[in-house]
Amino acid sequence: MADSISKYKVAVASTDGETVNQHYGRCEKFYIYSVDDEVGYDLTEERIVKPVCQDGSHNKEAMAESVKAFLDCRYIIVSRLGSAAASLLAANKITVMELPGSIDDAILSVWKFNRIQGLFS
């Protein structure tokens, strides 16, 4: 399997670093994990971002800026996600998954998904 497939970054929307419990547009801090499908994963960074969801409304420029903060990530794990953010992230080849629960379980789900995707590349 090629390194570009088996090594990647995952951003996780969390308030406590243990649970996926934040909506993408309301999250102020994402935990960034480096994943190596052959070895495991490590927390590498806590990334502070400006929330883009303001009382249900969204500024298109702010949303585009938000996406730029994650261009180095292949996946983003959140508890919830709006359709506008989902479209922008997908257009930038970032896969977002709504996986509320433990971060460990969520990353395991991403790992399984990534391994399956690798079979088709």
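Atoms considered below: every heavy atom in the structure, side chains included; atoms not considered: hydrogens, waters and symmetry mates.
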Which value, rounded to the nearest 0.5 Å, describes the distance between [X] atom [atom1] and [Y] atom [atom2]?
X   : Y   : atom1 : atom2 : result
Y8  : Y41 : OH    : OH    : 11.0 Å
S34 : D72 : OG    : CG    : 9.0 Å
T15 : Y31 : OG1   : OH    : 7.0 Å

Verify, without hydrogens or angle tests, whether [X] (side chain) and [Y] (backbone) share a donor-acceptor contact under 3.5 angstrom.
X   : Y    : result
S66 : A62  : no
S79 : P100 : no
D42 : T44  : no
D16 : E18  : yes
S14 : T19  : yes

TODO: Indicate, with yes or no, if I32 and L71 share a hydrophobic cluster defined by side-chain heavy-atom contacts under 4.5 Å among Ile, Leu, Val, Met, Phe, Trp and Tyr.
DONE: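 In one cluster with L71: I32, yes.
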Open item on the list: Using the rule that Ile, Leu, Val, Met, Phe, Trp and Tyr join whenever any side-chain heavy atoms are under 4.5 Å apart, tell me whether I76 and I48 fall into a single cluster.
Closed with: no
TODO: Return yes when atom CZ of R47 has more than 12 non-hydrogen atoms of other residues, nucleotides or ligands closer than 6.0 Å, and no otherwise.
DONE: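 Buried by this count: over 12 neighbours within 6.0 Å.
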Open item on the list: Taking atom CD as the centre, does E46 end up with more than 12 heavy-atom neighbours from other residues, nucleotides or ligands that are less than 6.0 angstrom away?
Closed with: yes
Open item on the list: For R80, run the side chain to side chain contact (heavy atoms under 4.5 Å, CB included) check against R26, E98, Q22 and tell me which one passes.
Closed with: E98
- [ ] Please lay out, stage by stage, how K112 and R115 fare under the test side-chain contact (heavy atoms from CB on, under 4.5 Å).
- [x] CA-CA 5 Å; K112 289 176 182 177; R115 298 285 288 196; 5.8 Å; no
Task: All side chain to side chain contact (heavy atoms under 4.5 Å, CB included) counterparts of A86, not counting sequence neighbours - done: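 Partners of A86 by the side chain to side chain contact (heavy atoms under 4.5 Å, CB included) criterion, ordered by chain and then number, come out as L81.
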Open item on the list: Minimum heavy-atom separation for A13 and V78, please, with both atom names.
Closed with: CB-CG1, 3.9 Å
- [ ] Evaluate the criterion side-chain contact (heavy atoms from CB on, under 4.5 Å) for residue pair Y24 and F30; output intermediate values, then yes/no.
- [x] CA-CA 9 Å; Y24 174 82; F30 285 81; 3.8 Å; yes
